[in-house]
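Letters go in sequence order (proteins before strands), and every chain restarts at 1.
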Amino acid sequence: MEERYNPSAVEPKWQEYWNTHQLFKVDEDPSREKYYLLEMFPYPSGKIHIGHVRNYTIGDVVVRYKRMKGFNVIHPMGWDAFGMPAENAAIDNNTHPAAWTYENIRSMRTQLKKMGFSYDWDREIATCRPEYYRWEQWLFLKMLEKGMAYRKESYVNWCEKCQTVLANEQVEQDKCWRCSQVVEQKKLWQWFFKITDYAEDLLVHCDQLPGWPDKVTVMQKNWIGKSIGAELKFKVDGSDEVLNVFTTRPDTVFGATFMCLAPEHPLVESLSKGTGQEAEVAAFVEKVSKQERSADGIEKYDKEGVFIGAHCINPATGEKIPVYTANFVLMEYGTGAIMSVPAGDQRDFDFAKKYGLDIRVVVQPEDGALDPETMAEAYAGRGTMVNSGRFDGMDSKDALEAITDWLDSQGHGKKAVSYRLRDWGISRQRYWGTPIPVIHCDSCGVVPVPESDLPITLPEDANLLEQGGSPLPTLDYFAKATCPACGREDAKRDTDTMDTFVESSWYYLRYCSPRCDTGMFDPKAVEYWAPVDQYIGGVEHAVLHLLYSRYFMRVLNTLGLIDFKEPFTRLLTQGMVCKETMTCPEHGFLFPEQARKEGDGFACTLCGSEVEVGRVIKMSKSKKNVVDPNELLERYGADVTRLFCLFAAPPERDLEWSEDGVEGSNRFVNRVWRLAATCMEKITDVAPYAGPAAGLKGKDAKALYIKANQTIQKVSNDIDKSFHFNTAISAVMELVNAMYGVDVETADDELKSVLIFCLENVLLLLSPILPHFCEELFERMGHTGSILEKQWPEFREDSLTTDEMLVVVQVNGKLRSKFTMGADEDEEAIKAAAMADEKIMRHVQDKPVRKIIVIRKKQTLVNIVV
RNA sequence: GCCGAAGUGGUGGAAUUGGUAGACACGCUAGACUUAGGAUCUAGUGCCGCGAGGCGUGGAGGUUCAAGUCCUCUCUUCGGUACCA
């Protein structure tokens, strides 16, 4: 037998074997229990990187384990193929997004195959294919029909110089990334999905996802952000108009001394008309329209506003209060208007100080009295009501309800719920995406494309505009259309495409019947396979992708297409693989291989400039801090690479990439190889031992046998329950180390039969992690067929413990001594033995013993308190 | 800013429900075998101390017979923040 494991011979051999025997191909089989494991599909950015390898290795191990446990496992792979990087690459490399994408898919598929991942490649999909996105267009039409999709005006980042819309990622410090022009906000008509209709349902079911990490459901709950309060009506003074405000603190309504409207609020213009404030208001609205209008964006600007010249009536006090428009009020939240209580809200307080507005304290904290003249900041806590008419003296907590009820009885408002979640804007002014299937007609307005005209195919030969703009509006053969309703020939096709999150919100259903051409999926296939039993992917998707997917399943459920609502039963959020960025002053971000070591730092291989080493952040193609696994693959093979990725850290943990330690994985693999070689050479005609540990006479044989059973238990648990492959691997390493402790030359037949038992189990336990390697050794040991078709090993309940126990003795909580004794000794005997221990006697001396605590768990612990 | 995580030797990490801190590796040191070593094997390796012993899980307090683990405060780093995917 060769001295070392030779991956370049063994790995292709088994990949070929799996392929020709179609071992990963699956079909519906109602007689077997199904298991759907899915890793988040990759964006075809060019090459797979170590982060992908980590993600897919984790999934592959579980898949192979579940298969050996007898499940009918579906494990598909595909490509999230639409998106912005293809457009950028097309501009940079003078190619076409489609050509670039398909080429990337080809090379990444080859890499994945070399890793030995057990995908059913017959189910592969790419979201940029018309066969896929036609069903997305179909669903869009259904949603439009049901009112789940609608159009409204909304802001985008706009570069005037490039005449193009910019993604947030393309805005660097408020400037365009291509030309450094200051980015503006531009209002466009865009399509939205009404995800807010499902806010409550999405929220409630967060608590019914036991297979999800709490951190993810917590983030989703906070994202949805339900708040309970009241919607109050403020009459405009001298007008029939009413301003509705949502507040979570109706108890403070007596302290509302002014009101603020979002600059986009429809009443801002009309109320200011003819008041003398008109021009100032218009100028302010214009100014704010250039600012970023999002919850995050508004933090960047000083809080400011202008009086709009109108007053409204505080429904609680009957007083006239001034109405302002302010840049920190967003139209998207609540009603776009807020009642301002400067004594109770810091932003209102700052605003009141700035513009000299009244501050009235309505909630007094228990300790000391607030005085509007002297208070330095708002008090948002609870307390006793003051200056609140009949509610004075009441606890603010009780007043919240009482004041709401009172205002309700007067017709001034009612209890209300508000969510932070906003509707999902899906229009993108981009080329490389799914065309939105509607036509705009001057006579008929927005007209849906007839179903029979689907798919609306994206022209794949269009050239990107130099500044990154979409060519679709310029292509007459695409953009010009005949109105399906009235036949007018000068209608225009919608030239926006959909957000790529739309594709990734339902692809896992498509895998169930990837070639289905009668619908999004074959209902029978989805009934058998869906939902996904185990989903695995980066924690960075905790909110958006996972929430959109949950929303989409609710939409399909409402449309009667599926009978479930939650797409992913169990979720594993994998930590990110991180690496420092490298930036060259000439060439921007550099790939690691474009920087060479020079002195203490790095130099650019393109121009020799000194490279700035940046922070350690998640690997991403746009930052170029990605590690190509090819070098590892060539040097060590797929199995060692897989082992190393798993052994480096538990899956949920972030990992700063370093190849230190890969030698250790390689060493271990060869250690097992040599161990197998020795056993095969020296042990012949001995069957593996299969009885209870008690049936073994030799002490070494018994100890090794127990160790093996413990290892089977630990590895099974680690894979199945916690996905802690790093500890599963170290457990096998321990067993292998113990096997190395046996001298095969002098071993008797009993010990040899235990050794063979150990070896076979080591290979079975490692086979999900090192599939090629274990197949090869298993075959050499004389087994036929694939190890994949073998049963996962079971441990013997009666062979897990030895008859000796370790006793650990502490004095005042500090470890002082340890010894072993018979496992069945009683507590008194343990105490006596501890007190009789020489080291313990030295520490106790003649101090009085107050207490002796004996704990019998994993090990036995005695704590003597003196 | 807001939401969510993470922090343990020189390094990656281990440690059910509070119960031997540092498993398993990497690296390093010494030795063996070898023409050679980026092969293999053996031994050692948290820090301070000659030693008895003391100190140690980002920092500061606290609860407990006992705290990496629980509580309070705090620092740093990472992820998300709705048009990167």
Side-chain angles (χ1 to χ4, degrees), chain A residues 3-4 40-43 45 80 82-85 88 156-157 165-171 195 213-216 218-223 225 294-296 298-300 332 420-430 499-501 504 538-545 547-548 573 575-576 578 615-618 620-623 647-650 652-656 658-665 667-668 670-671 674 717 722 724 726-727 729-734 737 740 806-815 818 842 850-853 855 857-866:
Chain A
E3 258 178 52
R4 297 183 66 81
M40 290 179 187
F41 65 166
Y43 178 78
S45 58
D80 188 13
F82 275 138
M84 200 176 54
N88 295 330
V156 292
N157 299 313
V165 174
L166 298 175
N168 289 341
E169 202 188 42
Q170 297 172 311
V171 179
I195 188 172
D214 287 345
K215 62 175 174 185
V216 176
V218 167
M219 275 190 268
Q220 293 214 347
K221 280 194 229 172
N222 290 334
W223 186 264
S294 66
D296 180 37
I298 58 172
E299 301 292 337
K300 295 180 195 164
E332 278 90 355
R420 207 188 73 101
L421 183 70
R422 303 200 308 266
D423 278 336
W424 176 11
I426 58 143
S427 292
R428 296 291 179 271
Q429 296 68 42
R430 296 246 182 77
D499 180 3
T500 56
F501 273 123
S504 57
V539 66
E540 67 270 26
H541 296 288
V543 177
L544 294 182
H545 163 59
L547 190 64
Y548 291 148
T573 48
M576 281 148 305
C578 301
R615 292 177 312 156
V616 175
I617 57 171
K618 82 161 170 169
S620 103
K621 188 83 194 287
S622 62
K623 301 283 187 292
F647 189 54
E652 68 276 10
R653 189 118 139 193
D654 286 351
L655 179 63
E656 185 182 341
S658 155
E659 283 179 26
D660 294 350
V662 65
E663 279 296 341
S665 294
R667 212 175 284 168
F668 173 67
N670 281 292
R671 224 166 124 77
R674 285 193 306 277
N717 260 325
S722 64
H724 281 194
N726 57 332
T727 51
I729 293 162
S730 67
V732 180
M733 284 174 167
E734 284 189 53
N737 289 345
Y740 261 89
L806 177 69
V807 181
V808 175
V809 190
Q810 300 178 330
V811 177
N812 289 340
K814 280 188 189 298
L815 177 70
K818 44 189 164 184
R842 188 142 37 94
R850 279 176 41 209
K851 210 192 229 176
I852 301 180
I853 295 159
I855 309 290
K857 285 190 192 164
K858 192 169 58 182
Q859 77 289 307
T860 304
L861 179 137
V862 182
N863 192 8
I864 299 163
V865 188
V866 300

Exercise. 5'-most contact on RNA chain B: A:G425 or A:K215, nearest heavy atom basis?
Worked result: A:K215
For this session: For A:V156, report the nucleic acid contact type (base, sugar-phosphate, nothing); a contact means any heavy atom under 4.0 Å.
Result: base
For this session: Would you mind classifying the nucleic acid contact of A:N863 as base, sugar-phosphate or nothing, using non-hydrogen atoms under 4.0 angstrom?
Result: base
Exercise. Can a donor-acceptor pair be found between the side chains of A:N737 and A:R671 at a distance below 3.5 Å?
Worked result: yes
Exercise. Under 4.0 angstrom, heavy atoms only, what part of the nucleic acid is A:F647 near: base, sugar-phosphate, or nothing?
Worked result: base
Problem set entry | Nearest listed nucleotide, side chain of A:N222, among B:rC3, B:rG79, B:rA82 | B:rC3
Exercise. Base, sugar-phosphate, or nothing: which does A:L421 touch, judged by heavy atoms less than 4.0 Å apart?
Worked result: base
Dump the pairs, protein N or O against N or O of nucleotides 39-43 of chain B, anything under 3.5 Å, distances to one decimal.
{"unit_1": "B:rU40", "atom_1": "O3'", "unit_2": "A:R674", "atom_2": "NH2", "d": "3.2"}
{"unit_1": "B:rC41", "atom_1": "OP1", "unit_2": "A:R671", "atom_2": "NH1", "d": "2.7"}
{"unit_1": "B:rC41", "atom_1": "OP1", "unit_2": "A:R674", "atom_2": "NH2", "d": "3.3"}

For this session: Find the distance A:N812:CG to B:rU20:C1' and express it as a whole number of Å.
Result: 17 Å
Exercise. When we call it a touch if two heavy atoms are under 4.0 Å apart, what does A:K814 touch: a base, just sugar-phosphate, or nothing?
Worked result: sugar-phosphate
For this session: To the nearest Å, give me how far apart NZ (A:K221) and C1' (B:rC3) are.
Result: 13 Å
For this session: Would you indicate what A:H541 reaches in the nucleic acid, counting non-hydrogen atoms under 4.0 angstrom: base, sugar-phosphate, or nothing?
Result: base
Exercise. Which is true for A:S622 with a 4.0 Å heavy-atom rule: it touches a base, it touches only sugar-phosphate, or it touches nothing?
Worked result: nothing
Problem set entry | Rounded distance (Å) that lies between atom P of B:rA6 and atom NZ of A:K618 | 19 Å
Exercise. Separation of A:E734 atom CD from B:rA15 atom C1', in whole Å?
Worked result: 12 Å
Problem set entry | Sugar-phosphate, base or nothing in reach of A:Q810, heavy atoms under 4.0 Å | base
Exercise. Syn or anti: how is B:rG27 classified when any glycosidic angle within 90° of 0 counts as syn?
Worked result: anti
Exercise. Which residues satisfy the side-chain contact (heavy atoms from CB on, under 4.5 Å) test with A:Q429, sequence neighbours excluded?
Worked result: A:V156, A:V165, A:L188, A:Q190, A:S427, A:D496
Problem set entry | Range-with-range stems for RNA chain B, at least three Watson-Crick or G-U pairs under 3.5 Å | B:1-7 with B:75-81, B:10-12 with B:24-26, B:27-32 with B:40-45, B:46-48 with B:53-55, B:58-62 with B:70-74
For this session: Under 4.0 Å between any heavy atoms, over every strand shown, what does A:K818 touch: base, sugar-phosphate, or nothing? Just pick one.
Result: base
Exercise. For A:A649, which contact category applies under a 4.0 Å heavy-atom criterion: base, sugar-phosphate, or nothing?
Worked result: sugar-phosphate
Exercise. Which part of the nucleic acid, if any, lies within contact of A:V218, taking any heavy atom under 4.0 Å across all strands shown: a base, the sugar-phosphate backbone alone, or nothing?
Worked result: sugar-phosphate
Exercise. Is A:W223 touching bases, backbone alone, or none of the nucleic acid, heavy atoms closer than 4.0 Å?
Worked result: base
